[in-house]
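Following: one structure in structure tokens, then a few remarks.
Quick note: numbers below take in every heavy atom, side chains included, and nothing from hydrogens, waters or symmetry partners. All residue numbers in this chain count up from 1 along the given sequence. Everything numeric in this text was worked out from a predicted model, so none of it was measured.
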Amino acid sequence: LSVSSEEYLGGLCDLTGEVGRYAVARGTVRDKESVKLCLDTNKSIQNALKIMGKLPGSIGKKQTALIRSVENLERMIYELSLMEMTGREVVTAVEDSPEDIGGD
């Protein structure tokens with residue numbers, strides 16, 4: 001399977017969108033730890049792309065979506081922290097069930 005650098009980086013950027021969607025699902029059950037892991041994952045990809053400097057093709061457009069995703073996850077962590085501070089229950093770790101990850 002031959003994949004160009006642009007295709008690979010584009011796929012990696014698309015992956016961050018899926019990670020963000022998973023984080024939203026975990027956030028709805030107040031699983032702060034999983035949301036934090038998703039944020040760390042997206043930030044790692046974002047930082048790796050920054051280090052690369054000039055990126056091929058249309059990756060710049062996808063990078064904008066990645067920046068927004070990181071900002072949204074940071075906001076979600078903040079909101080979960082506020083909930084935790086007001087005494088609402090925030091889950092620190094939850095085992096995935098098939099329903100949580102889109103399975104049957």
Inset, instruction - Starting at CD of Gln63, measure out to OG of Ser58 and round the result to the nearest 0.5 Å. - result: 11.5 Å

Legend entry - Nearest heavy-atom neighbours spanning Lys36 and Ile77: N-CD1, 3.5 Å

Legend entry - Qualifying residues under salt bridge (charged side-chain N to carboxylate O under 4.0 Å, His left out), relative to Glu6, sequence neighbours excluded: none

Inset, instruction - Would you kindly confirm whether Leu82 and Val24 end up in one hydrophobic cluster when ILVMFWY residues are joined by side chain heavy atoms under 4.5 Å apart? - result: no

Inset, instruction - Could you list the residues that satisfy side-chain contact (heavy atoms from CB on, under 4.5 Å) with Cys38, not counting sequence neighbours? - result: Val19, Tyr22, Ala23, Leu73

Legend entry - Reported CD1-to-CD distance for the pair Ile59 and Glu7, which is rounded to 0.5 angstrom: 9.5 Å

Inset, instruction - Give a yes or no on whether the backbone of Ala25 and the side-chain of Thr28 come within a donor-acceptor separation of less than 3.5 Å. - result: yes

Legend entry - Validation row: Leu9, Ser4 side chains within 4.5 angstrom (heavy atoms): no

Inset, instruction - Could you check if a side-chain atom of Asn47 sits within less than 4.5 angstrom of a side-chain atom of Leu49, using non-hydrogen atoms only? - result: no

Legend entry - pair Lys61-Thr64: side-chain heavy atoms closer than 4.5 Å: no

Inset, instruction - Say whether, by atom type as modelled, one donor and one acceptor occur between the side chain of Thr41 and the main chain of Leu37 under 3.5 angstrom. - result: yes

Legend entry - Pairwise distance CG(Leu66) to NZ(Lys50) - rounded to 0.5 angstrom: 9.0 Å

Legend entry - Sub-4.5 Å side-chain heavy-atom contact between Met76 and Leu39: no

Inset, instruction - Flag yes if Ile45 and Leu55 sit in one hydrophobic cluster, no otherwise; membership is Ile, Leu, Val, Met, Phe, Trp, Tyr, and two members link when side-chain heavy atoms are under 4.5 Å apart. - result: yes

Inset, instruction - Would you check if Leu12 and Leu15 make a side-chain contact, meaning some heavy-atom pair closer than 4.5 Å? - result: yes

Inset, instruction - Please report the C-alpha distance between Glu84 and Arg30 in whole Å, then the side-chain angles of each, then the deciding distance to 0.1 Å, and finally whether the salt bridge (Lys or Arg N to Asp or Glu O under 4.0 Å) criterion is met. - result: CA-CA 9 Å; Glu84 191 173 34; Arg30 299 181 183 164; over 6 Å; no

Inset, instruction - Please examine the side chains of Glu79 and Arg75, heavy atoms only from C-beta on, and report whether any two atoms are closer than 4.5 Å. - result: yes

Inset, instruction - With side-chain hydrogen bond (donor to acceptor under 3.5 Å, both in side chains) as the test, would you mind laying out the steps for Asn42 and Thr16 before giving the verdict? - result: CA-CA 6 Å; Asn42 281 2; Thr16 63; 4.7 Å; no

Inset, instruction - Please name the pair of heavy atoms, one in Lys62 and one in Cys13, separated by the smallest distance, quoted to 0.1 Å. - result: CB-CB, 3.7 Å

Inset, instruction - Could you tell me whether Glu33 and Arg26 have a side-chain N and a carboxylate O separated by less than 4.0 Å? - result: no

Legend entry - Qualifying residues under side-chain contact (heavy atoms from CB on, under 4.5 Å), relative to Arg21, sequence neighbours excluded: Glu18

Inset, instruction - Grab the two heavy atoms, one from Ile67 and one from Gln46, that are nearest each other, plus how far apart they are. - result: CG1-NE2, 3.3 Å

